[in-house]
Amino acid sequence: MGFFINQYQGFSGNAVDMAAVATQCAQFIQMPGDLDKINERLVRYYVTEGLVERPKRIGRDAEYGYLHLLQFLAGRFLVEVGFPMQKVAPYLSGLNEAQLESLVMNKTKPNMAELLVASFQNGGRPSRQEDSLSSPMPKVAAMQRIRTEAVDLQSFEARMIDPVQLSSASARDSMDKLQEQFSYLGDSIKAGLAELANASHLQANASQESMNKMQWELERMRKEMTLERERWCAQMDSERKEQRAVLEQQTQLNQELIKALIEAQSKGKQNG
Amino acid sequence: MGNGQSSGQAGQGLEVILDPRKDVVTSHSGESLDILLRLRAPVVEGDIKRTPLAISLVIDRSGSMGGGKLEEAKRCALDLLNRLHDEDRVSLVVYDTLIDVLLEAMPVRLAKTLMPMRLTEIEARGGTDLHAGWLKGAETLAPTAGDGVMSRVILLSDGQANHGLVEIVPICEQVRELASAGVTTTTVGIGMGFNEELMTAIANAGQGNSWYGQRVEDLAESFDAEMGFLSNLVLQDVRVKLETPLLPRMGQIKVRNDYTKNSRGQYCLPSIAAGSEVWMGISLSMSEVIHLQEAGSVLRCVITVKDKMGREHECMVSLPKMPVVTPMEYRMAQENELVARRFNEIESGDIQREARRHVQGRNWTAVEGLIQELEVRAQDNPWLGETVKYLRKLLERRDHEAMEKELMYSSSKLKNRVADMNDSVMYCMNAEAIKPAFMRKKVSQGRNSDSQS
């Protein structure tokens, strides 16, 4: 089984590739949970939650590697066996490749105390979902990139040579260079904007997911409260019924006692 | 058994008793309905097997531990080791600003050879990273934490946490979470320089005990009390869930002790040692109880405990329907002495905490007023009376350091103590001295039993 996971040591790919490989691995090592739920959205969600480290960025693409794959599988396993995600993330961040491999292959889950100790040692407040929502990091990075390009453009303008002094040949060369640089700058700005849009999209997804979670939690609480109320009502009914039955029995006993007394009295009179 | 009393049995020898202050209720009295839930573990003849223990001794080796404290701590550590069974486990962690694991968790029979050697290596130096020391101790116990083992970190400190995480709230949050996962914490303070607020809060969150010794010679009794408690453990993970239509947020029901509540809404009570009882004071809104009791039971306490084998047992006890009487009849009704005494002690504990706040602000006039109030409350309670006399002595000496510590530990004892099963209003220190140290009602919490008068 170890060979199976080791064959992916050279793995490199985007979120879709990683989801596909992770599904294959999860199926092979018989990981608990629904395999259909493993998809690129779940991969990105685990990154947002801090279970999987942020992937490398190559232009617009995210590149995941073998460590990411192991983190994803280990995280999936621990969440599926019931550990809270906020505690799993800092626990995983303290494990190296060999430890992750062992966790995934042997499915040796830690106990809750071990998980908590590791999470406290690795920072204590692990939920990166809130961080990603509150911190403008991706947006800032993209904005900085656009700003850098704008500064480059200004410096380029400052360096521009007066066109009157140029001969026609050199002017053509300069114009070509200028065009090339403008086109490069245009591409960079476009890439920056795309990154910004992507970051906003990710942030919107995360917000949506947290909203869904809250809605689900509220629904669960409502159901629990309804059940609790029903339980109390049922209990009250049963207690009332019991009381009624006791009262009826008591009345019946009283009547029988009275009857017996009357009979005894009449017998006494007859005897007298 | 009074009219209002309920009782039950759960698992191996747990006795559950629910007593109201009076057996009757009345409307428009403005009083609350005070009830006392007691969970008792009687001594079973011939039953000598106790819960296996895993203990991590976490010893402060900061510079202030010099001057005999560290040597006494080493002696206490060896004494504790000798009182453990061979199959128990023990680890040894020392901390200043650096943390060293001198002994990983191992069976006591091995530790008996290694620990004396390791202890000789310890020297007083550096600052106090109390949190990191505690966490390392917990780490050594974490792998074996769980069913059938009582894992306990015993954290010893004489100073203020001044390195790493130092805030009370985040430290206690971690301690609370680990206690829920099976690693509990007891704290032992020594001297006058430690942070009693932090140490008692940690012990409370860690479902353990908080002890303190004013002088070097008082330290041994703290360890003796803890070890006596752990050696007699019969039931652990004691949880109480209060099922009631009364609303805590509206003040209709209030638990008067300091017990923490877990994520499942259960109160976490201390573990129960043989021959002792743990208890819970609950105040209910009397008018709401009268209104609701027509429709059925107003309060049901669901108690879960784990026995020595780690098996869980559940028991329930309900507050029975109580007769409604006129205010005059209510005043004339007889009070349950034990319930009234415990609630008086709880309220005295609250007053002591308020007094401590004024001592911190050096508002001696306010402290004087509160001590007078305590004296009035202590009239029918000799133990409380002796305690207040000692506090008055400290007040007259304006000894704020000793007073802050005494008020903190005394109030904690009054509100959450593990009580003797035959807890009586009579008080005599000679009689207390023959009881196990963890059940003793002491006048001065920081002094050993020989120095109480």
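What you are looking at is a predicted structure, and each value in this text was computed from that prediction instead of being measured. Chain letters run A, B, ... following the sequence lines, proteins first, then strands; residues in each count from 1.
Summarising the local packing, CZ of B:R264 is surrounded by 12 or fewer heavy atoms from other residues, nucleotides or ligands at distances under 6.0 Å. Surrounding CD of A:Q27 are at most 12 heavy atoms belonging to other residues, nucleotides or ligands under 6.0 Å away. Enclosure of atom CD in A:Q215 is not indicated, since only 12 or fewer non-hydrogen atoms of other residues, nucleotides or ligands lie within 6.0 angstrom.
With a 4.5 angstrom heavy-atom cutoff, B:P170 does not touch chain A via any of its atoms. Using a 4.5 Å cut-off between heavy atoms, B:T140 does not touch chain A at all.
A distance of 4.5 Å separates CZ of A:R231 from CD of B:E243, quoted to the nearest 0.5 Å. Atom CZ of A:F120 sits about 5.0 Å away from atom CG of B:L178, to the nearest 0.5 Å.
The two atoms that bring B:A142 and A:N111 nearest to each other are O-ND2, 2.7 Å, heavy atoms only. Residue A:A113 comes nearest to B:A145 through the heavy atom pair CB-CB, 4.0 Å, listed as atom of the first residue, atom of the second, then distance.
Chosen from A:M112, A:E114, A:Q235, the residue pairing most often with chain B at heavy-atom distances under 4.5 Å is A:E114. Highest contact tally toward chain B, considering only A:E239, A:E228, A:R240, is held by A:E239 [criterion: heavy-atom pairs under 4.5 Å].
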